[in-house]
**Q** 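Following this message is one structure expressed as structure tokens.
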Amino acid sequence: MSNQSVGLAPRALAMVIDGALMIAASTLLMWAVYGDPVSKWNDLRPGTIAINWLLPLVVCVVFWSWQGATPGKLVAGIKVVDARSGGRPSPAQALIRWFGYLLSAIPLFAGFLWARVDAEGRTWHDRLSRTAVERSREAPADGEGLLIGYIASHWRGEQSLAQSFWINHVLLTWPLAAGVQGLVAWLATKSDGLQGVAIALLIVWPLLILVEIWSAVGTWRSVSGYVESGGSFLISGLARLSLLGSFLQIAFSLALGVFGELPELWKLARGIDPIGNVRLVVSADGRTMQLNGPIGAGDAGRLRTLFETSPGVRLLEVASPAAASPRPSAWSR
């Protein structure tokens, strides 16, 4: 085993990335299975156990024994190795390591912090599974963060085609996009405030498109390096065909999504409904309230406030496109 152990910072970065991916995948799957992206700690339904417990276990065991690293560890530039041989851990070691994660986390993450005092920089789950965590690439230069270095190396096409395509293009981007879109759809159905949904879309949509562009461009460049190094033309052709589909998706998202709906979203984010707002008028005697025009975002709050300030209202006359008939309808209390 190499004597080059890693500190807590790369491990923490890897855990944050893996956690974000797991949350995105869990959100999408829970929404697809149960119609609700969030589960409670005491939720023991079979689907919940499979999504939130079995799936992370399988992903970690497969990636540790296959690549020596989860997607988060690949980004952080670290890998799990057998402490004796320095090679990839066996599936049994990976399984023990996953359960060791739970033991390390239960006492306020004491098992993780143990790496600060351990002679070889190993955690409790490292010791239990007879594994260690080493660097898979050179430490970044002073002033360059691990995450920035990884993002730059993918953008330049310096990573292998397998890592660029399967990790950065598929496992990092697709669950993130699906999770964000599922969360926004859930907010749209559950939230009463269209303004909050519009603000969330204006923030998330550009960031998501930037991530997709970064993923597709970096993978396309890695295909070129793969071909130049004597790689298979069939594999490179299939990869480029898939990437062309990604570029078309980005173009449609920009043309039909962002640019097409941006004006309306911008109005909603500022509290202005694109279809207009209803006109509320209380009669001089304070007993009749008239609603004229389309009922838009924020009108429910205005109506509630007007009712509170006009307690004498007994008759409500509605003349709105949302009414059952074109003639004004009345409601009394």
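All values reported here derive from a predicted model rather than from experimental measurement.
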**Q** Taking A132's backbone N and O only, do any of them form a donor-acceptor pair with D126's side chain (distance below 3.5 Å, no angle check)?
**A** no

**Q** Can you check whether Y226 and W220 have ring centres sitting under 6.0 Å from each other?
**A** no

**Q** Indicate yes or no: does R84 engage D82 in a salt bridge with an N to O separation below 4.0 Å.
**A** yes

**Q** Judged by atom type as modelled, is there a donor-acceptor pair below 3.5 Å linking the side chain of T219 to the main-chain atoms of A216?
**A** no

**Q** Tell me if the CH2 atom of W114 is crowded by more than 12 foreign heavy atoms within 6.0 Å.
**A** no

**Q** Could you check whether R11 makes a cation-pi contact with F112, meaning its NZ or CZ is under 6.0 Å from the centre of the six-membered ring and within 45° of the ring axis?
**A** no

**Q** Between atom OG of S129 and atom OH of Y101, what is the distance when rounded to the nearest 0.5 Å?
**A** 9.5 Å

**Q** Would T131 and Q93 count as a side-chain hydrogen bond (donor to acceptor under 3.5 Å, both in side chains) if you check the C-alpha gap in whole Å, the side-chain angles of each, and the deciding distance to 0.1 Å?
**A** CA-CA 7 Å; T131 59; Q93 285 178 294; over 6 Å; no

**Q** Are the aromatic ring centres of F99 and H125 under 6.0 angstrom apart?
**A** no

**Q** Could you grab the distance from atom CD1 of I167 to atom CG of L74, nearest 0.5 Å is fine?
**A** 5.0 Å

**Q** Could you tell me whether R97 sits above the aromatic face of W64, with NZ or CZ closer than 6.0 angstrom to the six-membered ring centre and within 45 degrees of the axis?
**A** yes

**Q** Quick one: does T48's side chain have a donor or acceptor within less than 3.5 Å of a partner on L44's backbone?
**A** no

**Q** When rounded to the nearest 0.5 angstrom, what distance separates CG in L113 from CG in D118?
**A** 12.5 Å

**Q** Could you tell me the separation between the CG atom of N52 and the CG atom of L29, rounded to the nearest 0.5 Å?
**A** 9.0 Å

**Q** Take a 6.0 Å sphere around CZ of R221 and say whether it holds more than 12 heavy atoms from other residues, nucleotides or ligands.
**A** yes

**Q** Taking C-beta and beyond as the side chain, do I51 and V33 meet within less than 4.5 Å on heavy atoms?
**A** yes

**Q** Does S232 use its side chain to pair, donor to acceptor, with the backbone of L234 at less than 3.5 Å?
**A** yes

**Q** Would you indicate whether the side-chain heavy atoms of Q67 and V62 approach each other to under 4.5 Å?
**A** no

**Q** Suppose we call two aromatic rings close when their centres sit under 6.0 Å apart. Are W66 and F63 close by that rule?
**A** yes

**Q** Is there side-chain contact between L316 and L291, with heavy atoms separated by less than 4.5 Å?
**A** yes

**Q** For A284, does its backbone N or O pair with a side-chain atom of R287 as donor and acceptor, under 3.5 Å?
**A** no

**Q** If we only count heavy atoms from C-beta on, is the L315 to M289 side-chain gap below 4.5 Å?
**A** no

**Q** Which of parallel (below 30°), tilted (30 to 60°) and perpendicular (above 60°) describes H154 and W214?
**A** tilted

**Q** Give a yes or no on this: more than 12 heavy atoms of other residues, nucleotides or ligands lie within 6.0 Å of atom CG of L108.
**A** no

**Q** Is the count of non-hydrogen atoms from other residues, nucleotides or ligands lying under 6.0 Å from W98 atom CH2 greater than 12?
**A** yes

**Q** Going by atom types alone, do H169 and S164 pair a side-chain donor with an acceptor below 3.5 Å?
**A** no

**Q** Would you say F247 has more than 12 foreign heavy atoms packed within less than 6.0 Å of its CZ?
**A** yes

**Q** Can you tell me how far the CG atom of L248 sits from the CG atom of L243, to the nearest 0.5 Å?
**A** 11.0 Å

**Q** Under 3.5 Å, side chain of S136 to main-chain N/O of G77, donor-acceptor pair present?
**A** yes

**Q** Measuring only between side-chain heavy atoms, which start at C-beta, is L280 closer than 4.5 Å to Q290?
**A** no

**Q** Taking NZ, NE, NH1 and NH2 as the nitrogens, is one of them in K73 or E134 under 4.0 Å from a carboxylate oxygen of the other?
**A** no

**Q** Find out whether V81 and K79 are in side-chain contact, i.e. whether some heavy atom of one side chain is under 4.5 Å from a heavy atom of the other.
**A** yes

**Q** Under 6.0 Å from the CZ atom of R45, do we count more than 12 heavy atoms belonging to anything else shown?
**A** yes

**Q** Please determine whether residues I96 and V133 belong to a single hydrophobic cluster, defined as Ile, Leu, Val, Met, Phe, Trp and Tyr linked transitively by side-chain heavy-atom distances below 4.5 Å.
**A** no

**Q** With no hydrogens and no angle check, do the side chains of N168 and S215 hold a donor and an acceptor under 3.5 Å apart?
**A** no

**Q** Give a yes-or-no answer on whether the side chains of T123 and R116 include a donor-acceptor pair shorter than 3.5 Å.
**A** no

**Q** Answer yes or no: is there a side-chain heavy-atom contact under 4.5 Å between S160 and W166?
**A** no

**Q** Ignoring hydrogens and angles, tell me if any N or O in the side chain of S26 forms a donor-acceptor pair with the backbone of I23 under 3.5 Å.
**A** no

**Q** Just one of P89, C60, S65 clears the side-chain contact (heavy atoms from CB on, under 4.5 Å) bar with V80, so which one?
**A** P89

**Q** Without swapping roles, check the side chain of S310 against the backbone of F307 for a donor-acceptor pair under 3.5 Å.
**A** no

**Q** In Å, rounded to the nearest 0.5 Å, how long is the span from CG of L210 to CD of E212?
**A** 9.5 Å

